[in-house]
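Notes for the one structure printed next.
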Amino acid sequence: MAIHQTVGATPDTGFMRQYLDSLALVERLHRLLLDVIKDEFERLGMLEINSVQALLLFNIGENEVTAGELKSRGYYQGSNVSYNLKKLVDAGFMHHQRCEIDRRSVRVRLTEKGREVRGIVNDLFARHAEGLQSRGVLGPDGIEDINVSLRRVERYWSDQIRYIY
């Protein structure tokens with residue numbers, strides 16, 4: 001989904017243009033992140049898992065969660081979480097178990113094979129963090145500024161969902 005400005009001028013069109021540029025950048029960065037993860041697994045010859053699934057395993061980490069919690073905790077952004085969970089369980093990357101209290105709910109956690117994938121993604125991210133810093137692309141202050149700004153946007157959007165609609 002590409003972000004484009006449409007009808008309805010705003011009082012500050014310069015800010016609007018910058019905002020749309022930021023939205024497009026966030027979208028492109030997410031796609032690039034998935035491509036970078038995909039390339040790492042292809043380089044390692046691990047073709048049984050895709051980048052979305054690998055990122056999901058990374059985000060779950062040592063937690064035991066339900067499918068609903070994956071989205072509410074921000075571990076997973078897609079709409080087909082059940083499909084990916086089933087694939088990961090079937091491929092041996094995750095264990096699943098019905099909740100004792102609510103039998104409709106299934107809790108999942110990583111297997112040893114899933115933890116190996118998580119380690120690969122973690123190592124990839126560690127190399128990236130070191131490279132960004134050592135090459136002067138981004139330092140501690142710059143990354144903190146980005147994170148503060150992105151958290152503000154996240155809070156604003158969350159408030160829009162909770163209180164406006």
Side-chain angles (χ1 to χ4, degrees), residues 1-6 10 14-63 65-89 91 93-94 108-110 113-162 164-165:
M1 166 184 108
I3 310 280
H4 298 287
Q5 185 172 359
T6 57
T10 62
F15 184 84
M16 177 65 170
R17 187 172 43 256
Q18 291 294 325
Y19 178 61
L20 293 175
D21 286 348
S22 295
L23 294 177
L25 182 57
V26 167
E27 185 181 8
R28 282 195 315 272
L29 285 171
H30 180 68
R31 283 195 312 267
L32 277 170
L33 172 63
L34 294 176
D35 286 345
V36 164
I37 293 169
K38 176 181 166 277
D39 288 349
E40 179 71 0
F41 281 88
E42 285 177 354
R43 186 183 66 74
L44 295 172
M46 296 181 68
L47 306 177
E48 63 183 319
I49 189 165
N50 68 39
S51 56
V52 169
Q53 294 164 347
L55 189 57
L56 178 59
L57 293 174
F58 174 80
N59 287 329
I60 290 172
E62 295 303 317
N63 297 309
V65 296
T66 65
E69 289 171 332
L70 291 175
K71 286 182 119 179
S72 67
R73 293 183 185 187
Y75 294 158
Y76 187 80
Q77 308 306 319
S79 60
N80 53 358
V81 65
S82 297
Y83 169 82
N84 279 309
L85 286 179
K86 181 177 178 351
K87 288 290 192 185
L88 289 166
V89 168
F93 293 103
M94 298 185 88
V108 295
R109 62 185 162 82
L110 304 188
K113 189 175 175 183
R115 285 192 292 279
E116 288 174 23
V117 168
R118 184 183 192 281
I120 290 168
V121 176
N122 186 70
D123 292 348
L124 174 68
F125 290 169
R127 287 195 317 270
H128 289 174
E130 194 279 325
L132 286 167
Q133 209 168 2
S134 68
R135 293 181 183 158
V137 175
L138 203 54
D141 291 340
I143 196 76
E144 185 175 347
D145 290 345
I146 290 170
N147 289 340
V148 166
S149 296
L150 290 174
R151 282 190 190 100
R152 286 180 181 161
V153 172
E154 179 184 36
R155 269 193 308 276
Y156 176 79
W157 286 350
S158 294
D159 289 348
Q160 297 305 299
I161 295 166
R162 285 190 191 107
I164 301 289
Y165 300 106

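Computed from a predicted model, the values in this text were never measured in an experiment.
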Partners passing side-chain hydrogen bond (donor to acceptor under 3.5 Å, both in side chains) against D123 (at least two apart in sequence or in another chain):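 Scan of D123 (side-chain hydrogen bond (donor to acceptor under 3.5 Å, both in side chains), adjacent residues dropped) gives none.
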Residue list, salt bridge (charged side-chain N to carboxylate O under 4.0 Å, His left out) with R28, at least two apart or on another chain: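 For R28 there are no salt bridge (charged side-chain N to carboxylate O under 4.0 Å, His left out) partners, ignoring immediate neighbours.
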Between [atom1] on residue [X] and [atom2] on residue [Y], distance to nearest 0.5 Å:
X: L29; Y: D35; atom1: CG; atom2: CG; result: 11.5 Å
X: R118; Y: L56; atom1: CZ; atom2: CG; result: 11.5 Å
X: L85; Y: K87; atom1: CG; atom2: NZ; result: 12.5 Å
X: Q18; Y: F15; atom1: CD; atom2: CZ; result: 9.0 Å
X: I37; Y: L124; atom1: CD1; atom2: CG; result: 6.5 Å
X: Y156; Y: I161; atom1: OH; atom2: CD1; result: 11.5 Å

side-chain hydrogen bond (donor to acceptor under 3.5 Å, both in side chains) partners of residues 38-49, not counting sequence neighbours, each pair once: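 Counting only pairs at least two positions apart or across chains, the side-chain hydrogen bond (donor to acceptor under 3.5 Å, both in side chains) contacts touching residues 38-49 are K38-E42, E40-R43, E40-R127, E48-K113.
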Close side-chain approach of [X] and [Y], heavy atoms under 4.5 Å:
X: V108; Y: L88; value: no
X: L138; Y: I146; value: yes
X: N147; Y: E144; value: no
X: L57; Y: V121; value: no

Can you list everything that forms a side-chain contact (heavy atoms from CB on, under 4.5 Å) with [X]? Sequence neighbours excluded, please.
X: D141; result: none
X: E154; result: R151, S158
X: V89; result: M94, H96
X: N50; result: V52, Q53, N84

Considering all heavy atoms, the nearest S51-L34 contact: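 Smallest interatomic distance, heavy atoms only, reads CB-O, 3.1 Å.
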Exercise: identify the closest heavy-atom pair between N59 and N63: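 What the structure gives for the nearest pair is O-ND2, 4.4 Å.
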Neighbour count >12 (heavy atoms, 6.0 Å) for atom CZ, F125: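 Atom CZ in F125 is packed in, count exceeds 12.
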Y19: partners by ring pair (Phe, Tyr, Trp, His ring centres under 6.0 Å), with sequence neighbours left out: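 Checked Y19 against ring pair (Phe, Tyr, Trp, His ring centres under 6.0 Å); zero matches.
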Pairing residues for F41 by the ring pair (Phe, Tyr, Trp, His ring centres under 6.0 Å) criterion, not counting sequence neighbours: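 F41 satisfies ring pair (Phe, Tyr, Trp, His ring centres under 6.0 Å) with no other residue.
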Short side-chain to backbone donor-acceptor contact, R115 and L110, under 3.5 Å: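 Such a contact is found between R115 side chain and L110 backbone.
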